[in-house]
Amino acid sequence: MQRRDFLKLSSLLIGAGALPAWSREAMASQRPLLTTPILLEPDLHQRIDITAMAGKSLWNNKTVSTWGYNGAYLGPTIKLRRHQPVSLRVYNQLPVETTVHWHGLVVGGEVDGGPQEVIKPGTYREVAFTPDQPAATCWYHPHPHMTSGLQVAKGLAGLLVIEDEPIKTLRIPSQWGVDDIPLVFQDKKLTAEGTDIDYQLDIMHASVGWFGDMMLTNGSQYPQIGLPSGWVRLRLLNGCNARSMNLALSHGKPMYVIASDGGLLAEPVKVEQLPILPGERFEVMIELTDTTPFDLVTLPVTQIGMTLPPFDQPLPVLKILPLRIEGSAELPDKLVTLPSVPSTDGLIRRRVRLSMDAQLDAMGMQQLMQRYGQKAMAGMPMHSMSSMPDKMSDSMQNSHASMPGMASGQMADHNYDFHQGNKINGKAYQINDISWQSSQGQHEIWEISGEGDMMLHPFHIHGTQYRILSENDQPVPAHRQGWKDTVRVEGGVSQVMVLFPHTADRQSPYMAHCHLLEHEDTGMMMSFTVGKNV
């Protein structure tokens, strides 16, 4: 449902008395209504066209330069059906090169949309494939080498929904924009004039990631939506560059997770709080039992750089206004039958070690402290170097001496190549380097290590939906035991069981990388190929 359609519906409901008195007042207030992205389905030729373009958005009563797909900001929701062929044509009307990665789709390397598949300004790229994976909420976004963070920050992102026959048999909410609500979250920071997005990739942001001081939900600050009573479904995407979120309901009632990155769970999982990493998706169902309004909020997280106001307290991201009309959906006891996790005996094991240069880490922390003070450190006692690794402490204390031409109290970013500061297995990403070749259709265990630094690394692997065996040295929570494409790595080791159904050659390899986009853009990414198992 588009915004104008919802406005019409709201007017009808108000006229019919379906809204309580407080709801009528709220709908008439200045708070924006939630904008629901339109559904974009294949035409008669099974083709979908999208265009990356520049535009203008209105935030804080000022016109801001933004980018989007088929519009000024974000993009339509692409809807695909399992086993139905489709052709996707992407036009680039931006002043810069771009790519489009179909995040969460299990497709071949030639379709995946990595950094090699550049779309120059004024040109287009077309890919064709037949989706063959369960119903899921995926997304699409740029993936150019060294500028993914900038392009996503400017607004290039959109949902991609896959539908299959089994999901149609469940009585879960499915009326788009009515009881099936897509929510894309992005934090933003504007320039002092308020007319552009203030994106900077410097030492500090290469270390902790780029973060903003306001949160947008589908492009609006703290919008509102009227929803029918009973069960409703929220499709959640953390589209932030670097910020992790922790979602909850302000009235303290639970949410029921029904799906993660790659589709439905075996059964609903009840949670009071839902941590969600950059790039992750979850689908939850909530029950509206009366007409009392409440908020969807993001709770404070202990992530360095992400603890500054207004994120230092529960921040409302969506006001929910329950209506007097009743929905017809229900929460099933069982959802789908997930295949059991195969035995790990005899499987190939691959080690993926994520690392940040100690000097980059130290300089980034020092800049963060200089700009924002101790509050930005998420509880890390920076006054005491004893809590940090010796190499990092020495680097921080001696950074002025080690950087030629550096003035006291300042950091000379231009003297340090931070694009080589973040690494996988000791190497910063180079577009022509291939780390290894996996075999098509063969299970492998990937051990992804973040040992040795304090940073969050949401790790994403292209070309697969996998099962998490352990996450950051801990057992896997029930709501994270389904199909996933992003795993949490933060000072420990995570183990995932992967399988690649398609091939990817040296011209179009798959990527594996930290989905904290500034880490990806500054080296924490690797290429790998998948060949036929001979």
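Owing to the predicted nature of the structure, the values given are computational and were not obtained by experimental measurement.
The aromatic rings of His145 and Tyr429 sit perpendicular, their planes meeting at an angle over 60°, well past the 30° parallel limit. Note: Tyr73 and Trp59 have perpendicular aromatic rings, judged against thresholds of 30 and 60 degrees for the angle between ring planes. By the 30° and 60° cut-offs, the orientation of the rings of His515 relative to Trp139 is tilted.
Here Trp102 and Phe129 keep their ring centres 6.0 angstrom or further from each other. In summary, the aromatic rings of His462 and His143 are positioned with their centroids under 6.0 Å apart. Taking the six-membered ring for Trp, Tyr69 and Tyr140 have ring centres closer than 6.0 Å.
Listed by chain and residue number, Tyr124 satisfy the ring pair (Phe, Tyr, Trp, His ring centres under 6.0 Å) test with Tyr91 (two or more places apart in sequence, or in another chain). Applying the side chain to side chain contact (heavy atoms under 4.5 Å, CB included) test to Val301 and every residue at least two apart in sequence or in another chain returns Ser244, Asn246, Gln303, Met306. Taking Asp196 as the reference, Ser65, Lys154, Thr191 meet the side chain to side chain contact (heavy atoms under 4.5 Å, CB included) condition, with sequence neighbours excluded.
The number of heavy atoms from other shown groups lying within 6.0 Å of CD (Glu272) is above 12.
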side-chain contact (heavy atoms from CB on, under 4.5 Å) between Met215 and Asp187, intermediate numbers included | CA-CA 4 Å; Met215 179 63 75; Asp187 61 335; 4.2 Å; yes
Candidate pair Gln221 and Asn60, rule side-chain hydrogen bond (donor to acceptor under 3.5 Å, both in side chains), full reasoning = CA-CA 9 Å; Gln221 293 184 65; Asn60 299 333; 2.8 Å; yes
Mind running side-chain contact (heavy atoms from CB on, under 4.5 Å) on Thr77 and Arg235 for me, showing each step along the way?
-> CA-CA 12 Å; Thr77 296; Arg235 299 178 189 253; over 6 Å; no
Going through the distances and angles, do Gln151 and Glu97 end up as a side-chain contact (heavy atoms from CB on, under 4.5 Å)?
-> CA-CA 10 Å; Gln151 295 194 18; Glu97 295 180 348; 6.0 Å; no
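Under the side chain to side chain contact (heavy atoms under 4.5 Å, CB included) test applied with Met204, the options Gln370, Gln366, Arg371, Glu518 reduce to a single match, Arg371. Of the candidates Val284, Ile258, Ile286, Ile258 is the only one forming a side chain to side chain contact (heavy atoms under 4.5 Å, CB included) with Arg233. For the side chain to side chain contact (heavy atoms under 4.5 Å, CB included) criterion with Asn422, the lone passing option out of Glu520, His513, His519 is His519.
Looking only at distances, a side-chain donor or acceptor of Asp261 sits under 3.5 Å from a matching main-chain atom of Arg281. Under the 3.5 Å distance criterion, the side-chain polar atoms of Asn241 are left unmatched by any main-chain donor or acceptor of Trp210. The backbone N or O of Gly421 sits nowhere less than 3.5 Å from a side-chain atom of Asp357 that would complete a donor-acceptor pair. In this structure, Asp485 contributes its side chain and Gly262 its backbone to no donor-acceptor pair below 3.5 Å. Under a 3.5 Å cut-off, the side chain of Asn218 and the backbone N or O of Thr35 do form a donor-acceptor pair. In terms of modelled atom types and a separation under 3.5 Å, the side chain of Asn70 and the main chain of Thr51 share a donor-acceptor contact.
Using a 4.0 Å cut-off between charged nitrogen and carboxylate oxygen, Glu193 and Lys62 do not count as a salt-bridge pair. Ion pairing of Glu287 with Lys253 is absent here, as no side-chain N (NZ or NE/NH1/NH2) approaches a carboxylate O to less than 4.0 Å. A salt bridge is defined here as a Lys NZ or Arg NE, NH1 or NH2 lying under 4.0 Å from an Asp or Glu carboxylate O, and Glu280 with Arg480 meets this definition.
Across all non-hydrogen atoms, the minimal contact from Asp179 to Pro228 is CB-CG, 4.2 Å.
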